[in-house]
Amino acid sequence: MREFSLSVRVYYEDTDVGGIVYHANYLKYMERARTDWLRALGFEQSRLRDTLGIVFAVRGMGIEFRRPARFDDMLQVQARLAEAKRASLRFAQSIHRGGERLLDAEVRIACLDARTLRPRALPAPLLAALN
């Protein structure tokens, strides 16, 4: 599964005084979508850490904000695996409200050794599931 979609409701706590989603909260929405994408593939991040000794960290990100989301909006947060390399993943992500695109992002993820936090190859079963 290369593509995943997560529905997210905008709560009051996600917004500023004007009812507009605070920009950092979009990062949380995208993180949830990537986490649930992995879960849908059968890989819990806590299990990957505890049994295989790996964790994931955002290495880089580029975001283009197109339109604001507002209090009580229902959003679709998309996560599409664009590339899987030996020790990294690259996602194309977007957030939509209805048919309207609110945000585009490219997110680069590094696979790290859980103890040393140094780059480490993706485990073969995970890499096989991604490809």
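Taking both residues in full, the closest heavy atoms of Ala121 and Cys111 are given as O-SG, 4.0 Å, listed atom of the first, atom of the second, then distance. Summarising the geometry of Ala33 relative to Phe4, their closest heavy-atom pair is O-CD2, 3.5 Å, with the distance given to 0.1 Å. For the pair Arg67 and Arg101, the tightest heavy-atom approach, listed with the atom from each and the gap, is CG-O, 4.0 Å. The shortest non-hydrogen separation linking Ala84 to Leu89 is CB-CD2, 3.8 Å. Shown here for Leu52 and Pro123, the closest heavy-atom pair between the two residues is CD1-CG, 3.7 Å. Of all the heavy atoms in Arg120 and Gly53, the pair that sits closest is NH1-O, 2.9 Å.
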Could you give me the CA-CA distance, side-chain angles and deciding distance for Val55 and Arg49, then say whether side chain to side chain contact (heavy atoms under 4.5 Å, CB included) is met?
-> CA-CA 6 Å; Val55 293; Arg49 180 194 62 229; 3.8 Å; yes
Please test Tyr26 against Phe65 for ring-ring contact (aromatic ring centres under 6.0 Å, His included), starting from the C-alpha separation and ending with a verdict.
-> CA-CA 10 Å; Tyr26 293 103; Phe65 297 97; 5.6 Å; yes
Full working for side chain to side chain contact (heavy atoms under 4.5 Å, CB included) between Glu106 and Arg90 | CA-CA 7 Å; Glu106 179 182 272; Arg90 184 171 54 87; 3.4 Å; yes
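Counted by atom type alone, Ser5 and Gln78 present one or more donor-acceptor pairs between their side chains at under 3.5 Å. Side chains of Gln45 and Arg39: a donor-acceptor N/O pair is absent below 3.5 angstrom, by distance only. With no hydrogens or angles considered, no side-chain donor-acceptor pair links Tyr12 and Asp72 at under 3.5 Å.
Contact of the Met74 side chain with the Ser7 side chain is registered, since non-hydrogen atoms from C-beta on lie closer than 4.5 Å. By the 4.5 Å heavy-atom criterion applied to side chains, Val58 and Arg34 are counted as neighbours. Residues Leu126 and Phe43 are in side-chain contact: their nearest non-hydrogen atoms beyond the backbone lie under 4.5 Å apart. Residues Arg2 and Asn131 form a side-chain contact, since some pair of their non-hydrogen atoms from C-beta on lies under 4.5 Å apart. Within the 4.5 Å cutoff, the side chain of Leu103 has no heavy atoms near those of the Tyr29 side chain. Side-chain contact between Leu130 and Leu41 is present, with at least one heavy-atom pair separated by less than 4.5 Å. At least one side-chain heavy atom of Met61 sits less than 4.5 Å from a side-chain heavy atom of Met30. Within the 4.5 Å cutoff, the side chain of Leu75 has no heavy atoms near those of the Arg9 side chain.
Heavy atoms from other residues, nucleotides or ligands lying under 6.0 Å from CZ of Arg59 number 12 at most.
By the 4.0 Å N-to-carboxylate-O rule, Asp113 lies too far from Arg118 to be salt-bridged with it. A salt bridge is absent between Lys28 and Glu31: the closest approach of a Lys/Arg side-chain nitrogen to an acidic carboxylate oxygen does not fall below 4.0 angstrom.
Between atom CG of residue Asp14 and atom CZ of residue Arg70 there is a gap of 14.5 Å, rounded to the nearest 0.5 Å. For the atom pair CG (Asp36) and CG (Leu6), the distance works out to 5.5 Å, reported to the nearest 0.5 Å. Distance check: Asp73 CG to Ile20 CD1 gives 9.0 Å after rounding to the nearest 0.5 Å.
By the criterion of side-chain heavy atoms lying less than 4.5 angstrom apart, applied directly or through intervening Ile, Leu, Val, Met, Phe, Trp or Tyr residues, Val21 is grouped together with Leu27 in one hydrophobic cluster. When the side chains of ILVMFWY residues are joined at heavy-atom separations under 4.5 Å, either directly or via intervening members, Leu127 and Phe56 end up in a single hydrophobic cluster. Phe91 and Leu112 fall into different hydrophobic clusters, where Ile, Leu, Val, Met, Phe, Trp and Tyr are joined by side-chain heavy atoms under 4.5 Å apart, directly or via other members.
Within the 3.5 Å criterion, the main-chain N or O of Arg47 finds no donor-acceptor partner in the side chain of Asp50.
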